Amino acid sequence: PVDQELPVATPVRGRLPLTEREFEVARAVAAGLVNKEIAARFDISEHTVSTHLRRIFTKLGVDTRAEMVGKVSPFLASVAAPAGAQARTG
C-alpha cells in the first residue's frame with residue numbers, strides 16, 4: 001500500500017552515490033513497493049520511476065531490484081516489509 005511507512009535512512013546513507021530522489025526510490029523498493037505504487041507515493045510517472053531505477057542500477061553496478069536492495073539495505077535502519085506484506089517486483 002502507498003501509505004505504508006518506509007525504512008528510515010541511517011547517517012551513513014551519504015556514502016551511496018545516489019541523489020536524494022534515487023535514494024527515496026530505492027527505499028520504496030526495499031519496502032516492497034512496485035513501480036506503480038512508487039509513482040503514486042512521489043507523484044511522478046511510472047516512466048520516471050523506471051528511469052530512476054535504471055540510473056540506480058548503473059550507479060550501484062547491479063542488474064536486479066534484489067541486488068539493489070542488498071546494496072542499499074546497510075544504509076537503512078530497517079528494510080523489513082510490514083507484517084503480512086511480501087516483496088514484489090515491478
Side-chain angles (χ1 to χ4, degrees):
V2 175
D3 62 346
Q4 75 186 48
E5 190 170 324
L6 294 179
V8 177
T10 63
V12 294
R13 189 215 43 86
R15 294 185 190 161
L16 285 173
L18 305 178
T19 66
E20 281 298 315
R21 179 56 65 140
E22 289 167 347
F23 187 69
E24 290 171 349
V25 169
R27 286 176 52 213
V29 170
L33 275 64
V34 296
N35 289 10
K36 185 174 186 174
E37 293 168 324
I38 295 167
R41 176 180 290 270
F42 298 118
D43 196 28
I44 58 178
S45 73
E46 288 184 62
H47 177 77
T48 300
V49 173
S50 294
T51 298
H52 284 309
L53 288 171
R54 281 194 307 277
R55 290 179 178 161
I56 293 166
F57 285 13
T58 298
K59 288 179 178 183
L60 298 181
V62 299
D63 295 315
T64 68
R65 291 167 83 97
E67 288 178 307
M68 180 198 67
V69 170
K71 291 250 182 162
V72 172
S73 63
F75 300 93
L76 302 174
S78 168
V79 294
Q86 295 181 349
R88 297 170 288 184
T89 60

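Please read these numbers as outputs of a predicted model, since none were measured by experiment.
In this structure, K59 NZ and R54 CZ are separated by 13.5 Å, a value rounded to the nearest 0.5 Å. Rounded to the nearest 0.5 Å, atoms OG1 (T19) and CD1 (I56) are 7.0 Å apart. The line from CG of L60 to CG of L53 is 10.5 Å long, rounded to the nearest 0.5 Å. Note that CD1 of I38 is 9.0 Å distant from OG of S50, once rounded to the nearest 0.5 Å.
The shortest non-hydrogen separation linking V72 to F23 is CG1-CE1, 3.9 Å. Across every non-hydrogen atom of R65 and F57, the tightest pair is N-CZ, 3.6 Å.
Residues T48 and S45 bring a donor and an acceptor atom of their side chains to less than 3.5 Å of each other.
Side-chain contact check for I44 versus R21: some heavy-atom pair is nearer than 4.5 Å. For the pair V69/T64, no side-chain contact is recorded, criterion being any heavy-atom separation below 4.5 Å from C-beta on.
Classification of E24 and R27 as a salt-bridged pair fails, no side-chain N sitting under 4.0 Å from a carboxylate O. Salt-bridge formation is not detected for the pair R55/E22: no Lys NZ or Arg NE/NH1/NH2 atom is positioned less than 4.0 Å from an Asp or Glu carboxylate oxygen.
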